[in-house]
There are 2 protein chains.
Amino acid sequence: MNDRVRVLLADDEHLIRGALAALLALEDDLTVVAEAASGPEALAMAAAHRPDVAVLDLQMPGLDGLEVAAELRHRLPECRVMIVTGHGRPGYLKRALQVGVRGFLPKTVSASDLAGIIRTVRAGGRYVDPELAAEAISAGDSPLTPRETDVLELAADGSPVAEIAERAALSPGTVRNYLSSAAGKLGAENRHAAVRIAREHGWL
Amino acid sequence: MNDRVRVLLADDEHLIRGALAALLALEDDLTVVAEAASGPEALAMAAAHRPDVAVLDLQMPGLDGLEVAAELRHRLPECRVMIVTGHGRPGYLKRALQVGVRGFLPKTVSASDLAGIIRTVRAGGRYVDPELAAEAISAGDSPLTPRETDVLELAADGSPVAEIAERAALSPGTVRNYLSSAAGKLGAENRHAAVRIAREHGWL
DNA sequence: GGTCGGCGGTGACAAATGTCACCGGTGCCC
DNA sequence: GGGCACCGGTGACATTTGTCACCGCCGACC
């Protein structure tokens, strides 16, 4: 395999994306074949340029990195996907691995590390930042049922129960039961603290 | 002035900081004399290297960009300060200008723009991203009194009123009055929605 | 001096919320 | 078939909360 590694770079922050592209261009065996500033754009560029490795920012307009990764898995199975994140909460990592992401790292790594990881992933390997991995493991799985998670998510903006019930097409009593149960499982004093705790663990 | 512009770069994300340093190094008239990964480190490096321009990320461990900017203003008045932010909420901009920041821009600008803005700021000019400026102006000032803001901040983690009252050394009744007043001013249905709205406007 | 806004407080009341017990239905697994 | 967990719901109850009126005390401003 003497071809250069074809890389797709997706990040909504031009400054970072441009800088990254410049740095990766310094590596002899890497070529940035496409750049994107949003989720949908990343998908389009991937389809057009068929990169070997896609480096996706977690937070992007339109579709976030995980959604793009899930799509890419179906549309371009041979393309390896890596997620780069600013300040990553655990939970994202787990979801990322579930959609077939091969690399997951914070932006605190150095550029030369990034290049090395791209090569590793290209060769079929995996890389997960040790610190994020440790956090994810210690955080564990969400104790909430799917429905509890849904309702808690609807409660996230501080809406009163009546509104949540309407949006969830549930009885207000049921909503309160779910919220009470969720708050109990999370050790929160009320649903609002529960939202915060779930957010911190990446369960929301 | 044929000296090169001495730049301090502070960002907790190595990847970005390194990439930025590499890009700025390509400019003939700019020199990155120091890098920092945290607020306190930024202050130390600034004191040691006395840069002409400090480029600070808004969110950093220890002290955030605004706090560093405020300190620098006293300790190194001749050093111009610029703030770079990922996804900036309005309100930060206003506070930034109040502590004497000369440039305020999102990370969506290009590297060449950044270099140009560094030169502008170095020459005594100012630069504020037009989009952020528009948001800040339309957002306007906080309608909350200082005390209301304090109490709302204590309510931000979802604590019950009794706990807020204790932490604020206030009577529970007074706390409820402040929260009610704040929610009214912000058009929120309850204090939790009020917290969210205040956050979105950068008033918290 | 008077007015006004912010601060801190009290008391009372209505509404929202949290909590518990309990119901039926479903699907899964042993 | 019997457990068991999840879903959706009802009703009752105590607590928390939001809301309002009203109090005094400052300090600023006219």
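Numbers restart at 1 for each chain; the letters A, B, ... are given by sequence-line order, proteins then strands.
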field: Side-chain heavy atoms of B/L114 within contact of B/L105, under 4.5 Å
entry: yes
So B/R196 and B/E200, salt bridge (charged side-chain N to carboxylate O under 4.0 Å, His left out) or not? Walk me through it.
CA-CA 6 Å; B/R196 190 179 48 79; B/E200 284 171 2; 3.0 Å; yes
Give the C-alpha distance, both sets of side-chain angles, the deciding distance and a yes or no for side-chain contact (heavy atoms from CB on, under 4.5 Å) between A/L179 and A/N177.
CA-CA 5 Å; A/L179 291 175; A/N177 284 341; over 6 Å; no
Lys/Arg-Asp/Glu bridge criterion (N-O < 4.0 Å) met for A/K107, A/D57: yes
field: Salt bridge B/D141-B/K94, side-chain N to carboxylate O under 4.0 Å
entry: yes
**Report entry** Polar side chain donor-acceptor pair, B/R4 to B/T31, under 3.5 angstrom
**Finding:** yes
Hey, does the side chain of B/T145 come within less than 4.0 Å of C/dG5's phosphate (OP1/OP2), counting only N and O?
no
_If you compare every side-chain N and O of A/T174 against the phosphate oxygens of D/dG8 (OP1, OP2), does one of them come in below 4.0 Å?_
no
Between CD of A/E148 and P of D/dG8 the distance, given in whole Å, is 11 Å
- Quick one: is B/S171 getting a side-chain N or O under 4.0 Å of the C/dT10 phosphate, OP1 or OP2? yes
Only one of B/L154, B/T149, B/L170, B/L144 passes side chain to side chain contact (heavy atoms under 4.5 Å, CB included) with B/Y178, and that residue is B/L170
B/R176 CZ to C/dA15 C1', in whole Å, measures 12 Å
Please tell me if the side chains of B/E163 and A/E189 come closer than 4.5 Å, counting only heavy atoms from C-beta onward.
yes
Closest to the 5' end of DNA chain C, once B/L170 and B/P143 are matched to their nearest nucleotides, is B/P143
Axis-to-axis angle for the helix from C/dG1-D/dC30 to C/dC30-D/dG1, ends of five pairs each, to 10°, equals 30°
So for atom CD, which belongs to A/E166, do other residues, nucleotides or ligands contribute more than 12 heavy atoms lying within a distance under 6.0 Å? no
Expected list for residues 177-194 of chain A near DNA chain C, using heavy atoms below 4.0 Å, is A/N177, A/S180, A/N190, A/R191
message: What I want to find out is whether A/D29 reaches A/R122 closely enough, with some N-O distance under 4.0 Å, to be called a salt bridge.
response: no
Lys/Arg-Asp/Glu bridge criterion (N-O < 4.0 Å) met for B/E148, B/K185:
yes
Residues in residues 152-164 of chain A with a heavy atom under 4.0 Å of DNA chain D, by number, are none
